[in-house]
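No experiment lies behind these values; they were computed from the predicted model shown.
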Amino acid sequence: MNSTVIPVPPSAENVESSYKDAKNTGNKFSFLSTCSVAFRVIQEKRCSRGSMRKVIHSVKVGIALVLVSLLYLLDPLFTEVGENAMWAIMTVVVVFEFSAGATLSKGINRAIGTILGGGLGCLAAILADEFGGIGNAIVVGASVFIVGVAATYSRLVPRIKRRYDYGVLIFILTFNLVAVSGVRADKVIRLAKQRLSTIGMGFAVCIFTNLLIFPIWAGDELHRSTAAKFDKLARCLEGCLEEEPNNKAENLGAKVKDCKSVFHSKSTDESLANFAKWEPWHGKFGLSHPWDKYLETGEVLRELAALILSLGVCVQSSRQAAAIREPCEIIGLSLAWILRELGESIFNMTRCRAKALIAPKLEFIKQELSRLGSSLQIKGLEKDENLAMATFIFLLMQISENVEVIAQEVEKLGQLAYFRTKNPDV
């Protein structure tokens, strides 16, 4: 039954009482075990889903190759294109990628590079024919040198290399083939038209197969992977703080793998964001979807992953902060809950209520950590143990501050991507 929630300004006492209630609601570690089992089930489903996508991609490549091979197999088509049908098959093999965005990126880059390279190559060949004799070779050699130097230098520019590197490479290849072949052949323009038409046929087959038959979108993959990172970091944070003295090192090592996967996800995220920018409007993602904001959120998540890894090393130390473990466990569970809320808001594309729900909890966490840090100066502990506790609390403080930054980034992402407001009814 739904009921209307009336927002009440939270206070430190209310937030503190909620933590005490959470503390007394049974065994929290049994809840963590349940979460671990649920995660393993989800992981198995994801693995089977990933395998199915690989099978679908392989089948699509086979279909595309069969369609483009018809240029050779059917006599009417072979009569029109001749041996240039090889370029259509080569285009399918080179351009067809796993995601639709990657295929569009390569295909458009190849088309632009082929057109520009072929056009300039034709001009260079025609200009060389005007000179004739030794002047022909000089003009072709000079044009190849100048264009090769300029195009290669442009590939070193980061912005061009990120999105148009393949197109520049095809431009260099096509220009040299057309310009140099023009020295020996009289029908350069006709040859260029035939190759362009067959390359266009191959690209059309790739687009038809990849975008219309169970398309795999890079934007969807980036969106899901970004949301999944929050849950990975939450589980790793819980694993660092849960108390399992028998096999703690093994369990923590297994969960740290997820944290390391987040830490090393930069190149994958950048590739997915680049391919997502080439994709057309699909599902909930428009042409102006803020993919760059996903990269900024990923950067902050990687910083958090580094802090959690440092916390895991601190926990594995022989001198652990036993006196403050229980309040720190509650703080860790609260930070994990915040991370899951943020990840869920991204996955469901709903606006997170950072000011209403998350900000008060983070404020209380900071106050609790400051209180624990001050209590260390009062207790008569050994110097080494005091240092271990101070390091432990300092890392938790840094994690809480980083989580606050992440909450702000998620809120900005929701504004730029026009996430819908979450229904306040429960």
Side-chain angles (χ1 to χ4, degrees), residues 32 35-36 38-47 49-50 53 99 216-241 252-276 284-285 289-312 332-352 354 358 362 395-396 398-414 416-417 419:
L32 295 180
C35 290
S36 300
F39 174 74
R40 285 196 293 268
V41 174
I42 294 174
Q43 281 291 90
E44 292 176 359
K45 291 183 178 180
R46 287 180 179 176
C47 291
R49 181 174 177 271
R53 293 171 68 190
S99 66
I216 300 172
W217 305 104
D220 291 351
E221 185 64 26
L222 178 61
H223 181 80
R224 284 193 297 265
S225 65
T226 302
K229 289 175 186 175
F230 287 87
D231 185 64
K232 290 181 179 180
L233 294 178
R235 286 185 295 101
C236 188
L237 182 58
E238 291 171 345
C240 290
L241 297 175
L252 181 59
K255 293 179 180 178
V256 162
K257 289 183 180 178
D258 291 333
C259 197
K260 289 182 178 179
S261 69
V262 175
F263 187 75
H264 297 292
S265 63
K266 182 176 181 179
S267 59
T268 303
D269 290 350
E270 289 179 348
S271 298
L272 290 174
N274 181 29
F275 297 147
K284 300 178 181 178
F285 306 107
H289 197 75
W291 299 115
D292 289 333
K293 199 63 183 175
Y294 284 83
L295 298 181
E296 295 177 11
T297 305
E299 286 291 338
V300 187
L301 287 173
R302 280 185 284 276
E303 294 177 6
L304 178 60
L307 291 172
I308 294 177
L309 289 174
S310 301
L311 183 67
L333 290 174
S334 302
L335 291 172
W337 177 86
I338 293 173
L339 287 173
R340 287 196 173 93
E341 281 289 315
L342 295 174
E344 184 181 355
S345 68
I346 291 181
F347 184 80
N348 297 325
M349 301 187 74
T350 55
R351 298 283 292 273
C352 65
I358 297 176
L362 288 173
L395 288 173
L396 280 177
Q398 292 295 313
I399 290 173
S400 64
E401 292 178 356
N402 192 275
V403 170
E404 185 175 8
V405 175
I406 292 174
Q408 295 173 359
E409 291 294 329
V410 173
E411 189 172 7
K412 292 178 183 177
L413 175 62
L416 295 175
F419 288 176

Euclidean distance, N274 CG relative to D292 CG, rounded to 0.5 Å
10.0 Å
Nearest heavy atoms of V262 and A305, plus distance in Å:
CG1-CB, 4.3 Å
Do the non-hydrogen side-chain atoms of S261 and K232 ever get within less than 4.5 Å of each other?
yes
Tell me, do Q398 and E303 make a side-chain contact under 4.5 Å, heavy atoms counted?
no
Inter-residue atom distance L335.CG - E404.CD, 0.5 Å rounding:
11.0 Å
Between CD1 on residue I308 and CG on residue L396, distance to nearest 0.5 Å
10.0 Å
Report the residues that fulfil ring pair (Phe, Tyr, Trp, His ring centres under 6.0 Å) with F285, sequence neighbours left out, ordered by chain and then residue number.
H223, H282, H289, W291
Would you mind reporting whether L307 and E401 have side-chain heavy atoms less than 4.5 Å apart?
no
Would you sort out whether L413 and F419 count as a side-chain contact (heavy atoms from CB on, under 4.5 Å), showing the intermediate values?
CA-CA 8 Å; L413 175 62; F419 288 176; 4.2 Å; yes
Is there a side-chain contact between L272 and Y294 (heavy atoms, below 4.5 Å)?
no
Which atom of R340 lies closest to which atom of D231, heavy atoms considered:
NE-OD1, 3.0 Å
Given side chains that start at C-beta, do those of V405 and L304 come closer than 4.5 Å, heavy atoms only?
no
Rounded distance [0.5 Å steps], CZ in R53 versus OG in S99:
9.0 Å
Atom of S225, atom of D269 and distance for their closest heavy-atom approach:
OG-OD1, 4.3 Å
Before giving the answer on side-chain contact (heavy atoms from CB on, under 4.5 Å), spell out for R224 and F347 the whole-Å C-alpha distance, their side-chain angles and the decisive distance to 0.1 Å.
CA-CA 6 Å; R224 284 193 297 265; F347 184 80; 4.1 Å; yes
Is the closest basic N to carboxylate O distance between K293 and E296 below 4.0 Å?
yes
Residue pair A276 / A218: nearest heavy atoms and the distance that separates them:
N-CB, 4.0 Å
R302 and E299: salt bridge (charged side-chain N to carboxylate O under 4.0 Å, His left out), yes or no, with the steps?
CA-CA 5 Å; R302 280 185 284 276; E299 286 291 338; 3.2 Å; yes
d(L233 CG, L342 CG) to nearest 0.5 Å is 11.0 Å
d(L309 CG, F263 CZ) to nearest 0.5 Å is 7.0 Å
